[in-house]
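Computation of the quantities below employed the complete heavy-atom set of this structure, encompassing side-chain atoms and omitting hydrogens, waters and symmetry-equivalent molecules. Everything quoted here is computed from the prediction, not taken from an experiment.
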Amino acid sequence: HNRLLRDPRYDLLVRDLLRFVPKLDFLAMANIACSLRQLDHKHYVLLSRMLRPLLNNPVPNVATLLRCVEAYNWAGYHAQSDFYAHFAARFAEFADRMEPGELVQACSLFGGATQYQARFFLAMER
């Protein structure tokens, strides 16, 4: 697979990240999730550890939120109803300021969720 994933320094980095998740902000956690996606490494322990803190941190902007949801979608977190419900509400708040491409991307991501997010799709219709 990927040589980096077998490098002991990578394991050390992941262990440090796991320990410091509570101190990370939304952008940092989104960047970690996106980096795991770029590496094609579904590190479920790290992704799962970041779920609750992601829900408790303010979302900086639509682009970061899209990247974050996209990374979790890639990792197979389609059934995380709390995750999708929470971010459906954030997207609903941003809906009137979203670009057409962002709207399409968000609808595509939420279309793959296990549970239908009515609030999200109602906001996107406007």
Would a single hydrophobic cluster contain both Phe20 and Phe26, if residues Ile, Leu, Val, Met, Phe, Trp and Tyr are joined by side-chain heavy-atom contacts under 4.5 Å?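 No.
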Check for me, please, whether Val45 and Leu24 land in the same ILVMFWY cluster - side-chain distances under 4.5 Å, paths through other members count. yes
Note, Phe120 side chain near Cys107 side chain (heavy atom, < 4.5 Å):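 The answer is yes, as the side chains (C-beta and beyond) meet within the 4.5 Å cut-off.
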Step-by-step side-chain contact (heavy atoms from CB on, under 4.5 Å) determination, Val21 to Leu46: CA-CA 9 Å; Val21 164; Leu46 181 53; 4.0 Å; yes
Nearest atoms (heavy-atom pairs only) where [X] meets [Y]:
{"X": "Met98", "Y": "Ala106", "value": "CE-CB, 3.9 Å"}
{"X": "Ala92", "Y": "Met124", "value": "N-CE, 4.4 Å"}
{"X": "Leu66", "Y": "Leu109", "value": "O-CD1, 3.9 Å"}
{"X": "Ala30", "Y": "Cys68", "value": "CB-CB, 3.8 Å"}
{"X": "Leu54", "Y": "Phe87", "value": "O-CZ, 3.8 Å"}
{"X": "Arg67", "Y": "Cys34", "value": "NH1-SG, 3.3 Å"}

Could you go through the side-chain contact (heavy atoms from CB on, under 4.5 Å) check for Leu47 and Leu36 one step at a time? CA-CA 9 Å; Leu47 290 166; Leu36 290 171; 4.0 Å; yes
Arg90 and its side-chain contact (heavy atoms from CB on, under 4.5 Å) partner, picked from Leu65, Leu55, Val62: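 Result for side-chain contact (heavy atoms from CB on, under 4.5 Å) with Arg90: Leu65.
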Walk me through whether Asp82 and Arg52 qualify under side-chain contact (heavy atoms from CB on, under 4.5 Å). CA-CA 9 Å; Asp82 289 349; Arg52 182 65 46 205; 3.8 Å; yes
Measure centre to centre between the rings of Phe110 and Phe91, then say whether the value is under 6.0 Å.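 Phe110 vs Phe91: aromatic centres under 6.0 Å.
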Taking the ring centre of each residue, are Tyr44 and Tyr72 less than 6.0 Å apart? no
Compute whether any side-chain donor of one residue and acceptor of the other, for His41 and Tyr10, lie under 3.5 angstrom apart. yes
Distance-only side-chain donor-acceptor flag, Tyr77 / Ser48, under 3.5 Å: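 A donor-acceptor contact under 3.5 Å links the two side chains.
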Partners of Phe94 by ring-ring contact (aromatic ring centres under 6.0 Å, His included), sequence neighbours excluded? none
Check the pair Val59 / Glu93 against side-chain contact (heavy atoms from CB on, under 4.5 Å), numbers first and verdict last. CA-CA 11 Å; Val59 175; Glu93 292 169 6; over 6 Å; no
